[in-house]
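Everything below concerns the one structure shown next.
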2 protein chains.
Amino acid sequence: MILNVDLASEVPIYQQLRDRIVEAIADGVLTEGSALPATRALAADFGINFHTVNKAYDLLRQQGLIRLNRKTGAVVTPTVADSPFRAQWTARARTLLAEAVAKGLSADEVVTTCRSVLESFAPPQPQDTP
Amino acid sequence: MILNVDLASEVPIYQQLRDRIVEAIADGVLTEGSALPATRALAADFGINFHTVNKAYDLLRQQGLIRLNRKTGAVVTPTVADSPFRAQWTARARTLLAEAVAKGLSADEVVTTCRSVLESFAPPQPQDTP
DNA sequence: GGTTTGTTCTATAACTTATAGAGTATAGGC
DNA sequence: GCCTATACTCTATAAGTTATAGAACAAACC
């Protein structure tokens, strides 16, 4: 798993880590049951402090995307989008979509962009294709 | 114009203000040439410091959505989504969309939600409908 | 028992958020 | 032309956030 984190960015490192892991889950790179690297190992990889990785993992745990175990480490868990999540997600989407529209993009352009991003996710897990 | 800002939220006030104004522009509540309230007046409305409003306006100016003048105040300007904006917007959309997919929403559900949010924007300016 | 892993605690420097007051520029009235 | 109202601009400051750091603890596993 390759997580692209920019240490020079103004976006907090723990947030970038969280975002990249969420994207990896959406991508299907990380599937249910996949183990994430140990906090100390991942921190060493990026040359950052393990507390920073800890914070990213903690956000993911709060969101219900991973489970943390003493020895097992962080494991991706199956999740269901509940009603509060949907409402909060829609509110955030509203802001992002508004930004595109305010900058003059048409609704169709925006939908097309979203669809193409979504298509780049989750390559259907290899099934028997006779 | 009613801007719904939550002073108790963990989201910075200036960011909420910016987001609500962007949404008002997308909504068509604020159109090209519309004047925003004066910083001190808006600050007084919310019972916050005018510097905080200033920061929100400054973000909008950096994004090219409004223009600031000494006596005229803040005015909504026509904008065009350039290539860097599109790229950066798509990257942000990727993170948000990934979150929905990671939480188990289907691509279709997500597209439908986006489309319905987009439809709630920009009631097409009243034209002659014979 | 020792290793590996997450968890917790305290501490600290640099940056961000929000507030505050004084200063400066411009439009319009006298 | 000068004055005043208005609102942007600069500097300062307190509180909170981000990232780092070291030390220690707890549980699972070999």
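Distances shorter than 4.0 Å separate some side-chain N or O of Lys55(A) from OP1 or OP2 on dT18(D). Between dA18(C) and Asn49(B), no contact under 4.0 Å exists linking OP1 or OP2 to a side-chain N or O. OP1 or OP2 of dT18(D) lies within a sub-4.0 Å distance of a side-chain N or O belonging to Tyr14(A). The phosphate of dT17(C) (OP1 or OP2) has no side-chain N or O of Thr52(B) nearer than 4.0 angstrom.
Remark: Asp58(B) engages Arg61(B) in a salt bridge, criterion side-chain N to carboxylate O under 4.0 Å. Ion pairing between Arg94(A) and Asp27(B) holds under the 4.0 Å rule for side-chain N and carboxylate O. Arg18(B) has no carboxylate O lying under 4.0 Å from a charged side-chain N of Glu23(B), or vice versa, which leaves the two without a salt bridge.
Nucleotides of DNA chain D nearest to Thr72(A) and Phe50(A) differ in position, and the one nearer the 5' end is that of Phe50(A).
Leu68(B) comes within 4.0 angstrom of nothing in the nucleic acid, heavy atoms only. Contact annotation for Tyr57(B): no contact, since no heavy-atom pair falls under 4.0 Å across all strands.
Rounded to whole Å, the distance from CZ on Arg70(A) to C1' on dT3(C) is 15 Å. Distance Asp58(B) CG to dT17(C) P: 13 Å, rounded to the nearest Å. Taking atom CD1 on Ile13(B) and atom C1' on dA15(D), their separation rounds to 13 Å, with Å as the unit. We find that NE2 of His51(B) is positioned 12 Å from P of dA22(C), with the value rounded to whole Å. Atom CD in Glu10(A) sits about 10 Å away from atom P in dT17(C), given to the nearest Å. In this structure, Asn54(A) places its CG atom 15 Å from P of dT18(D), rounding to the nearest Å. To the nearest angstrom, P of dA18(C) lies 13 Å from CZ of Phe46(B). Note: CG (Leu36(B)) to P (dA7(D)) measures 13 Å, nearest angstrom.
Remark: the Ser34(B) side chain and the Thr31(B) side chain contain an N/O donor-acceptor pair separated by less than 3.5 Å.
Between atom CD1 of residue Ile13(B) and atom CG of residue Asp6(B) there is a gap of 9.0 Å, rounded to the nearest 0.5 Å.
Here the side chain of Arg40(A) is nearest to one of dT17(C), dT7(C), dA7(D), namely dT7(C).
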